[in-house]
Amino acid sequence: MTTLARRTHTCGEPRARHSGSRVTLQGWVDAHRDLGGVVFMDLRDRYGITQVTVDHRSPPQARQAAAAARLEYVMQIRGTIIPREKPNPDMPTGQVEVLADSVELLSSTLPLPFAISDDCNANEDTRLRYRFLDLRRPALQENLLTRHKAALTARLYLDSQGFTEVETPVLTRATPEGARDYLVPSRVHPGSWYALPQSPQIFKQILMVAGADRYFQVVKCFRDEDLRADRQPEFTQIDMELSFADRELVMEIAQGLTTAIWRQVLGVEAGPFPRLSYHQAMSRYGCDAPDTRFGLEHHDLTQLLQGTAFRIIAGALEQEGGICKAFLVPGAAGSTSRKTLDSWTELVRTHGLGGLLWAKVVQGKWTGPLARLGQQERSAIATSVDATPGDLLLLAAGPASRVHAGLSALRLHVARVRELIPRDQFSFCWITDFPAFEFDEGQQRWVAVHHPFTAPLPQHVPLLGSGREHEILSDAYDLVCNGHEIAGGSVRIHDPQVQSRVFHALGLDRRQAEEKFGFLLEALRYGAPPHGGIAFGFDRCVMLLCGTENIRDVIAFPKTTSAQDLMSGAPGTVDAAQLAELHVTNAASG
RNA sequence: GGGGUUGUAGUUAAGUUGGUGAUAACGCCGGCCUGUCACGCCGGAGGCCGCGGGUUCGAGUCCCGUCAACCCCGCCA
C-alpha cells in the first residue's frame, strides 16, 4: 500500500544547485523510456517536468514499478537529485535528474483517448469530452494561470482605487430589451420565472443610489444567443460603476485597469488609447471595433461617383442610403490572382453585398472591372485614395450597412492573408459617441444601441420625442483592442424624468416601464448620484493576453457552439416529478 | 433560421475515374535492450469507414437525408 508523502519540490523546481538533495516528487508520467537496464520517466506537474532515472542503483521494487509505469500514471518518486551525464539544454530542469530509490504508483489510468501534449491535434469534441485531460496540457494550464493573474490584478487595482466588490443576484427577473434570457422556474410561485442576468446593470446602478460610490464585480453573465469563436452562453465581466463620474473619469479608471493588467500579466505597457467617434470609426474602418494594428483604411467615394455612368455603382447610389467606399491594398496588383479576387467577392457577398469591384493599378492604366470608369473618375479616385502603380483597389457600392459590413470583413481578411498584422502588438482605441437608438425594422420601433439606461449626450436630450431620435448620440464608450471590443460602458441616466422619456422613445409606455424597470425608476427618485460605469469582457481580454482566437482556450469548462457541455452532458433531461414540482410541462415532442 | 468545412482503429491521417485482402504513424498488449529525452528493435491485438436510406453486379468512394464538432451570416441592449 502506497503511503502518500509530502512532496519536497514541484516537478519544475530541480536545478543544479539542488544536487545531492533528497527529494520527493509527485506527478504524472509525461514520458516513459524503458531501455531495459535503465528506465527514464519524465514526471510532470503544472510547474514543469523533471527526469527520473531508475537503474541498477535503485532497489528492485523501484525498478519493477518504473518498468510497469505508463503514460499519465500518477507516481510518487523519492530519490536524490544528481547532475546528468548528458544534460538536456531544452529543459529548464535539464541539468539534473532524480535518481530514484523509491517509485510508487498513486494512480493508474485507462487507455488515453488522446495524447497529453501541446502539439496534440485531436478533434475538439474529443478534447471537450475529456476536458480534464485536455486541461493537463501545459498550454491550457498556462492560460488558466494567465486568467487568474488578470483577475487578481483587476481586484488589487480596483481595490487600490477605492472600489468595493459587491455580489449581485444570479436569480433575478427577466427584462425586455437585449439578449434572450436564460430562465429558471420558481417552485414557490407557480408560473413565475427568474432570469439569469445578462449583466448586473440595474443592480449596480441601484448600488450607486445606495451610496456604494465605487462598485466592481468579477461576475458571470448569461445570454441565450447563438455562439461564435469569441462568445459563450455564460461569460465573465469585470463590471464596475462609479458615482459622481463623467466619462473622463470612467475612461481614466478603465485605462488604469488595462495598463495594470497588461503590465502585471505580460510585462507590456498598454497604450496609447486614442479616441475615435463612432462616426469616424465607421467612416475609416466600416465597423465600431476596428483592428488598428494595420492600415487599409476605407475611403468614401459616394460624392465623387455621384452621377457616374458605371451602371452598378450608379444603381447602388440611387437607392436611399446607398454609398460607395473603397480601400487600397498597396503593392497587391501583381500578387493577387483572379481566383483570390473571386474568393474575396464571395466573402463580401456573405455580408449582403452584390459583389466586389476592383482594379489593378498598373503603369498609367487600370485593369479589372473598374477600368470601365471614365478617365476623370479614375484619376479622381486615384488621387482620393492615393493610388500608385502596383496597387490593388477594392470597391463596393450598396446600402451603407452592407458596404460597411462587407468591406470591414474584407479589410480584416486581406490583412490576414497578406500578413499585414504585426504579431505581439496591442493596439487600443476608444470608440465614443454612439448613436443612442437604431430603428428595428422587424419590430418597427426604436431600440437602444447600448442599453436603455445610457445617457444621451446632454445637448441631445431635447431631441427625445422630437421624431429625430436617429440624431441622438449617447455618452457611451467602448474600449477596443486589436479589433475586439474588450469593454463597453456609459454615463447613466440619473434623472427619472429623462429615463421615462427614453423608455417612451423605445415605445415602452409608462405602465410597461413601471412593470419592467419600476424598481430602478423608483430608486432613481430617491437621490440618485450622477454615475457611470464600464464592463470588461474578461474572457476576451484573457484571449488577447494568451494570444488565442478561441474563447474555449481561456475557460476551464466551456460549451460547444450548440451550448452543450460535452463533459457533463449539460443540458440534460430531468424527471417528470422535478418538472411537476416546478409547475412546468415539456412542450418538446419526443 | 441560413451558408461553409470536417467526420475512416483509442488518436491523427492516407485511401486514385466505384473493383480482390481497408493502410500508415502514434498509442495499447507481449518480448528484447544500461544514458534516453519523438529512445531503438521484434511480434500482436484493435474497424458500425458518424448514422439512415438510395443508385449499382459491387459503395469508405456516387446521390439524398440526418446527426455532431468547428467557422461565418442572422442574432448577441
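Convention: sequence-line order gives letters A, B, ...; per-chain numbering from 1. The shown structure was predicted, so the numbers you read here are calculated from the model rather than taken from an experiment.
When the nucleotides B:U12, B:G35, B:G10 are ranked by their closest atom to the side chain of A:Thr53, B:G35 comes out on top. Closest contact between the side chain of A:Lys86 and the listed nucleotides B:A69, B:U34, B:U36 involves B:U36. Comparing B:C37, B:U34, B:U12 against the side chain of A:Val38 picks out B:U34 as the nearest.
You'll find a donor-acceptor pair under 3.5 Å spanning the side chain of A:Glu97 and the base of B:G35, going by distance alone. Between the side chain of A:Arg33 and the base of B:C33, no donor-acceptor pair under 3.5 Å is found. For A:Arg402 and B:G74, a side-chain-to-base donor-acceptor distance below 3.5 Å is absent, hydrogens and geometry of angles not being considered.
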Atom pairs under 3.5 Å: protein N/O with N/O of nucleotides 28-31 of chain B:
from, atom 1, to, atom 2, distance (Å)
B:C29, OP1, A:Arg70, NE, 3.4
B:C29, OP2, A:Arg70, NE, 3.0

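In this structure, A:Asp90 reaches neither bases nor backbone, as no heavy-atom distance under 4.0 Å exists between it and the strands shown. Residue contacts for A:His351: at a heavy-atom cut-off of 4.0 Å it reaches the sugar-phosphate backbone alone, with no base atom in range.
Pairing of B:G7, defined by two Watson-Crick or G-U wobble distances under 3.5 Å, is identified with B:C67.
For the pair A:Phe503/A:Phe517, a side-chain contact is recorded, criterion being any heavy-atom separation below 4.5 Å from C-beta on.
Identified under the salt bridge (Lys or Arg N to Asp or Glu O under 4.0 Å) test for residues 50-72 of chain A, with sequence neighbours left out: A:Arg44-A:Glu72, A:Asp55-A:Arg57, A:Glu72-A:Arg136. Among residue pairs with one or both ends in residues 554-572 of chain A, those qualifying as salt bridge (Lys or Arg N to Asp or Glu O under 4.0 Å) are A:Glu234-A:Lys559; sequence neighbours excluded. Applying the salt bridge (Lys or Arg N to Asp or Glu O under 4.0 Å) test to pairs two or more places apart or on separate chains, those with a residue in residues 501-522 of chain A are A:Glu514-A:Arg525.
For RNA chain B, the neighbouring residues in residues 125-139 of chain A, judged by any heavy atom under 4.0 Å, are A:Asp125. Within residues 222-237 of chain A, the residues having any heavy atom under 4.0 Å from RNA chain B are, by residue number, A:Arg223, A:Glu225, A:Asp226, A:Arg228, A:Ala229, A:Arg231.
Between A:Phe40 and B:U36, a base-stacking contact is recorded: ring centres under 5.5 Å apart, planes less than 30° from parallel.
Comparing the P positions of B:C49 and B:U61 gives an interatomic distance of 10 Å, to the nearest angstrom.
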